[in-house]
Amino acid sequence: MKILYAASEATPFAKSGGLADVAGSLPKALVKDGVDARVIMPLYGDLKMRDKLEYVTNYSVPVGWRSQYCGLFKAEVNGVTYYFLDNEYYFKRRGLYGFYDDGERFAFFSRAVLETLFYIDFTPDIINCNDWQTALVPVYLNLYYRHLDKFNRIKTIFTIHNIAYQGKYGTDILEDTCGIGRRDQHIVEYDGCANFMKGAFETADKITTVSPTYAQEILDPWFSYGLDALLREKQYKLCGILNGIDMDANNPATDPMIPFNYDVTNCVEGKAKCKEALQDKFGLHKDGSPVFAMVSRMVGMKGFDLVQSIADGLVDRGIELVVLGSGEGQYENFFSELCARHPGRVGTYIGFEPALSQEIYAGADVFIMPSKSEPCGLAQMVACRYGTPPIVRETGGLRDSIHDCTLGEGNGFTFAGYSAHELYDACCRAQDRYYNKEDWNNLIKYDMECDFSWDLSAKSYEGLYNETANLW
């Protein structure tokens, strides 16, 4: 089985979110299982590990009525071959997204993915595309390449990591920039717009998303950002596979970022030392109180409005709070002021420091993740890996990965409704459990032994790839 994994970002080269973690981890797990999985992505201006790149060739790629230069580089990391597509006009910039011409940049990239197959000794059985940035790959394949011998057996899978970002533009982009003539524009048109993701729904052989629950949720208008009717029509090719995490990169026994390494055999002692270091860093009291933590973008979708409603109540109950993140000004200001109002009880860091996030995973007692919507979520799995039981709302991948332990076996504390009252109740349940030390230590050990590796998810993807390869 030969898989080409097309993504706009992948660790360790470029990252803005969870897509990069998946694109860096899933192909590695597939290769370990004997699958020839390769990754193709843009060569960004601030790409990391540029010294590992090897120049292969260059060629022209059609972009509407123009032809644009494309340079091809490659590198091998962890047994996975990565291909990088270079065009300095489109990609030599600071950052990955958020530019006025993103539609043109990723139309070029999608077309370049297919053109690259003429210049490498690799013809995939399946191209697995990810999010709107690669959504035009199956569209272009069906319109312009399917009749060629090299392409006539290639299947496509489109993976939704977050349906909120669809690649929506005015329809005038289609002919001039994307090179999609009027006869075929209906493939990409939706609700009066050019919608790249809609084009992938129409033309890909399978549609996947990053958790079974999210695959069901996006059939509901509340979650789908306008695409639910189309997805219900395409439900026969939709499925959800829960993401995993890189268990080696997230390992408290070897993590160089944390002050004391530990595993399941000495986790009580190890976490106590990491907690003490975390409290020192944020100037918190060391009076035996539990430390509840959040590491997230500060936006409403992540549940910060709920936490804002109960934050003072949590502090009054004897809970210490640590918050790391940046985002909307109202939340940055609130948690900065909360820290000023409760010195020694609240620690806030506005921004993002990868090393500090690892220290928080290791040093906190409880991890709060009350998202309004969460396609998969990786932070709750990382928290378990570090023995920090999470509090989550039962949505998307949070529901699939965290199960309530209040009445029996489980690895965290969950609540169903999007309400501050239910979140507060879950926090109280966690605090009560924390003071039953034997019970709490058993929960920590249970969480650390949860298997969130890519091994199981990779097997599910292999099954899907085999099924898709034999569709026709």
Side-chain angles (χ1 to χ4, degrees), residues 3-33 35-56 71-86 91-98 106 109 113 116 120 122 128-131 133-134 159 161-162 210 243-258 261 295 297 324 351-362 376-379 381-382 385-386 452-455 457-458 461:
I3 308 298
L4 184 62
Y5 202 83
S8 58
E9 56 183 82
T11 55
F13 298 99
K15 176 178 175 177
S16 75
L19 168 59
D21 294 316
V22 178
S25 302
L26 174 56
K28 184 168 76 170
L30 292 169
V31 165
K32 198 167 78 173
D33 247 11
V35 177
D36 188 354
R38 308 186 186 190
V39 178
I40 189 164
M41 63 179 288
L43 201 168
Y44 295 107
D46 47 8
L47 192 88
K48 293 174 182 161
M49 300 171 66
R50 292 179 78 94
D51 57 318
K52 288 189 174 292
L53 305 191
E54 171 193 337
Y55 172 76
V56 179
L72 177 64
F73 293 76
K74 73 175 183 178
E76 188 171 313
V77 177
N78 297 320
V80 180
T81 299
Y82 289 80
Y83 296 108
F84 301 90
L85 304 186
D86 175 44
F91 298 124
K92 193 173 183 182
R93 311 178 186 188
R94 290 188 67 81
L96 311 187
Y97 320 119
F106 291 104
F109 176 63
V113 166
T116 298
I120 59 176
F122 181 72
N128 191 337
C129 308
N130 294 270
D131 274 351
Q133 293 91 345
T134 56
T159 301
H161 295 263
N162 191 334
V210 290
N243 284 341
I245 58 171
D246 188 325
M247 300 287 274
D248 296 327
N250 297 289
N251 185 355
T254 56
D255 189 341
M257 307 284 195
I258 64 177
N261 292 116
V295 177
R297 285 183 295 115
L324 166 66
F352 184 71
E353 286 288 338
L356 182 55
S357 70
Q358 299 302 107
E359 290 178 54
I360 291 172
Y361 285 125
C376 176
L378 301 177
M381 302 181 194
V382 176
R385 179 78 166 136
Y386 283 77
F452 290 121
S453 71
W454 270 103
D455 296 344
S457 302
Y461 272 99

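Just so you know, residue 1 is the first one in the sequence shown, and it goes up from there.
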* Closest non-hydrogen atom pair between Asn261 and Ala253, with its separation -> CB-O, 3.4 Å
* Structure fact -> In terms of heavy-atom contacts, Glu9 and Met41 come closest through CA-CE, 4.0 Å
* Asked: Among Val35, Asp36, Ile40, which one satisfies side-chain contact (heavy atoms from CB on, under 4.5 Å) with Arg38?
  -> Asp36
* To do: Give a yes-or-no answer on whether the side chains of Tyr361 and Asp255 include a donor-acceptor pair shorter than 3.5 Å.
  => no
* Asked: Any side-chain heavy atom of Leu324 sitting closer than 4.5 Å to one from Phe352?
  -> yes
* Nearest-0.5 Å distance that lies between atom CD1 in Ile258 and atom CD in Gln358 -> 8.0 Å
* Structure fact -> Which of Ile245, Asp246, Val210 passes side-chain contact (heavy atoms from CB on, under 4.5 Å) with Leu378? Answer is Ile245
* Side chain proximity check, Ile3 to Pro27, heavy atoms < 4.5 angstrom -> no
* Asked: If we only count heavy atoms from C-beta on, is the Leu4 to Val113 side-chain gap below 4.5 Å?
  -> yes
* To do: Side-chain contact test, heavy atoms from C-beta onward, threshold under 4.5 Å: evaluate it for Trp454 versus Lys28 and give yes or no.
  => no
* Of the non-hydrogen atoms in Leu26 and Ala458, which two are nearest, and what is the gap between them? -> CD1-CA, 4.1 Å
* Structure fact -> Distance col, row Asp21:CG vs Leu19:CG, nearest 0.5 angstrom, shows 9.0 Å
* **Derivation of the side-chain contact (heavy atoms from CB on, under 4.5 Å) call for Met381 and Asn250** => CA-CA 10 Å; Met381 302 181 194; Asn250 297 289; over 6 Å; no
* Asked: Distance-only, no hydrogens or angles: does the Arg385 side chain make a donor-acceptor pair with backbone N or O of Pro252 under 3.5 Å?
  -> no
* With a 4.5 Å heavy-atom cut-off, do Ser357 and Met257 have their side chains touching? -> no
* Got Leu43 and Phe13 here, is their nearest side-chain heavy-atom distance under 4.5 Å? -> no
* Side-chain touch Lys32/Asp455, heavy atoms, less than 4.5 angstrom -> yes
* Could you tell me which non-hydrogen atom of Thr11 sits nearest to which non-hydrogen atom of Tyr82, and how far apart they are? => O-OH, 3.6 Å
* Structure fact -> For Phe109 and Gln133, the nearest pair of non-hydrogen atoms, with its separation, is CD2-O, 4.1 Å
* What distance do Ile360 atom CD1 and Glu353 atom CD have between them, rounded to the nearest 0.5 Å? -> 10.5 Å
* Rounded to the nearest 0.5 Å, what separation is found between the CG atom of Asp131 and the OG1 atom of Thr159? -> 8.5 Å
* Does Asn130 use its side chain to pair, donor to acceptor, with the backbone of Ala7 at less than 3.5 Å? -> no
* For the residue pair Ala10 and Ala23, what are the closest heavy atoms and their distance? -> CB-CB, 3.6 Å
* Asked: Under a 4.5 Å cut-off applied to non-hydrogen side-chain atoms, are Leu96 and Ser8 in contact?
  -> no
* Structure fact -> Partner of Phe73 under ring pair (Phe, Tyr, Trp, His ring centres under 6.0 Å), picked from Tyr44, Phe91, Tyr55, Phe84, is Tyr55
* Might you work through the side-chain contact (heavy atoms from CB on, under 4.5 Å) test for Tyr5 and Val22, ending with a clear yes or no? => CA-CA 10 Å; Tyr5 202 83; Val22 178; 3.4 Å; yes
* Under 6.0 Å from the CZ atom of Arg297, do we count more than 12 heavy atoms belonging to anything else shown? -> no
